[in-house]
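Report on one structure; see the data block that follows.
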Amino acid sequence: MIGVSGGIAAYKICYLVRYFVRNGAEVRIIMTPSAVNFVSPVTLSALSRNEVIINMFPPADKVSSSEKVETKTWHVNLGLWADVFIIAPATANTLAKINAGISDNFLLTTVLASRCPVFLAPAMDDDMIKNSVTVRNLKSLSASGFKMIEPEYGELASGLVGEGRMAEPERIFEIIKDFLLRTGDLTGRKILVTAGPTAENLDRVRFITNSSTGKMGFAIAEAASDRGAAVTLITGPVNLDTPEGVKRIDVRTADEMFRKVKSNCSKKDLIVMTAAVEDFVPVKTDKGKIKKEEKEKFVFEFRRAVDILEYLGKKKNGYKLIGFALETDDEIENAKKKLKRKNLDMIVSNNPDSEGSGFGTETNKVSFITERKTEQLPLMSKYDVGNAILDRYLKMK
Ligand SMILES: Cc1cc2nc3c(=O)[nH]c(=O)nc-3n(C[C@H](O)[C@H](O)[C@H](O)COP(=O)(O)O)c2cc1C
């Protein structure tokens, strides 16, 4: 199902509909009342071979019809009928309304009534997409489980060049096709993912940690759950919402992470270790607060933390094991050594100095290293990197 809201990019939806119809999909289209100013419902109806729905309230003759979809509560029926709902273009207005739960047109009402995954392809001017209100809405929508089809940088209808150009129809089509093909391909698999940093207390109020935000691990857990896997996510302290359907276990320290991994690693098909576990932890933690009046300077003693990846590599009883390497120098060489040393099936290497990569970013540029080959991937969203990792896992012998 495709929802069209009122932006210039609406004309491009004709191509999107054609890609789907040509590939055998049944397409139903809903337009906002504004959208009809940008593309003709007649064109979209002809291309989709279905009536286009614009108005919230069907004409009286439709209400009494026995047709499958056109009944009194057709927003609910359509929401249940669709395998996937794509809002493209998604205007700033429609995004804001979805985020607020407003349902004052047929498209918005159907979004609320949908059980299928809803994809949003934002399209707007550079200033609109960078506006803090839109940024907040997009962030909140992602956290609520809506799937973003990221806009591109390029020429905009206003004549400006910048962010906010809707992803090209071909790209939207490929994203949805991949999503539908992957649906359910991990059903029955049990996957353990670790994410985030660990934090080690120095005294009652102070601690050391690292810059990991957990986004990569959470994205892998989300992708695996979307594809039907039973996912357990063990995470250090992060500020992220739990992906739908994922069992989350919160820990704080490296020792706690180890204990939880140990008790949750059996009967897993795949373990992906993305957590940035502290390598060194304090030998002892001061129970109170270290007072500055008592010391001019002092030495803190650290010990090596348990190497969880090494433990899992040695134990390996039936699961595939994928680790991450964050390297700033000799990225590939060092990752290859780690692959061998830790008995991994694949290592995902990334360099925090590469643009769009590393801590806190929404994207990542990674390399996949196995015993047989090294593959360099382009800059991708962390969710797409997650899917690519899972694709490689499915091909492992
Ligand atoms: C010529 C023109 C082009 C527009 N293009 C966009 C656009 O690309 N993105 C956007 O968010 N709003 C755009 N707008 C504003 C929306 O049409 C307007 O906010 C409208 O209320 C959206 O309604 P809807 O979200 O219900 O479709 C445009 C308006 C005009 C007049």
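Order of appearance sets the numbers: ligands from 1, and atoms from 1 within every ligand.
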Inset, instruction - Verify salt bridge (charged side-chain N to carboxylate O under 4.0 Å, His left out) between Arg165 and Glu155, making sure each step is shown before the conclusion. - result: CA-CA 7 Å; Arg165 184 184 156 100; Glu155 199 185 324; 5.5 Å; no
Inset, instruction - Take Phe258 and Tyr311 through the test ring-ring contact (aromatic ring centres under 6.0 Å, His included) and record every step on the way to the result. - result: CA-CA 9 Å; Phe258 177 55; Tyr311 167 84; 5.0 Å; yes
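Both tests pass for Arg252 against the ring of Phe207: distance under 6.0 Å to the centre and angle within 45° of the axis. For the pair Lys295 and Phe298, the cation sits on the ring face: its NZ or CZ lies under 6.0 Å from the ring centre, inside 45° of the axis.
Atoms of ligand 1 lying under 4.0 Å from any heavy atom of Met128, numbered from 1 in the order shown and given with element: 10 (C), 11 (O), 12 (N). Each of the atoms 24 (P), 26 (O), 27 (O) of ligand 1 lies under 4.0 Å from some heavy atom of Thr32.
Looking at atom 30 (C) of ligand 1, its nearest protein heavy atom turns out to be Phe38 CZ, 3.8 Å. Summary of contacts: the protein heavy atom closest to atom 6 (C) of ligand 1 is Gly7 CA, 3.6 Å. Ranking protein heavy atoms by distance to atom 19 (O) of ligand 1, first place goes to Asn93 CB, 3.8 Å. The protein heavy-atom contact nearest to atom 23 (O) of ligand 1 is Ser34 OG, 3.1 Å. With hydrogens left out, the protein atom closest to atom 11 (O) of ligand 1 is Ala92 N, 2.8 Å, a heavy atom.
Taking the six-membered ring where the residue is Trp, Phe173 and Tyr19 present tilted rings, their angle falling between 30° and 60°.
Taking 4.0 Å as the cut-off, Ala123 counts as a neighbour of ligand 1 on heavy-atom distance.
Using a 4.5 Å cut-off on side-chain heavy atoms (C-beta onward), Val111 and Phe146 make contact. Ile322 places a side-chain heavy atom less than 4.5 Å from the side chain of Leu270.
For ligand 1, one of its N or O atoms has an N or O atom of Gly6 under 3.5 Å away. The shortest N/O to N/O separation between Ser5 and ligand 1 does not fall below 3.5 Å.
If you look at Lys97 next to ligand 1, there are no close heavy atoms at all, none under 4.0 Å.
When Thr91, Val36, Ile8, Val4 are ranked by how near their heavy atoms come to atom 10 (C) of ligand 1, first place goes to Thr91.
Across all their heavy atoms, Phe218 and Thr235 have their closest contact at CE1-OG1, 3.5 Å.
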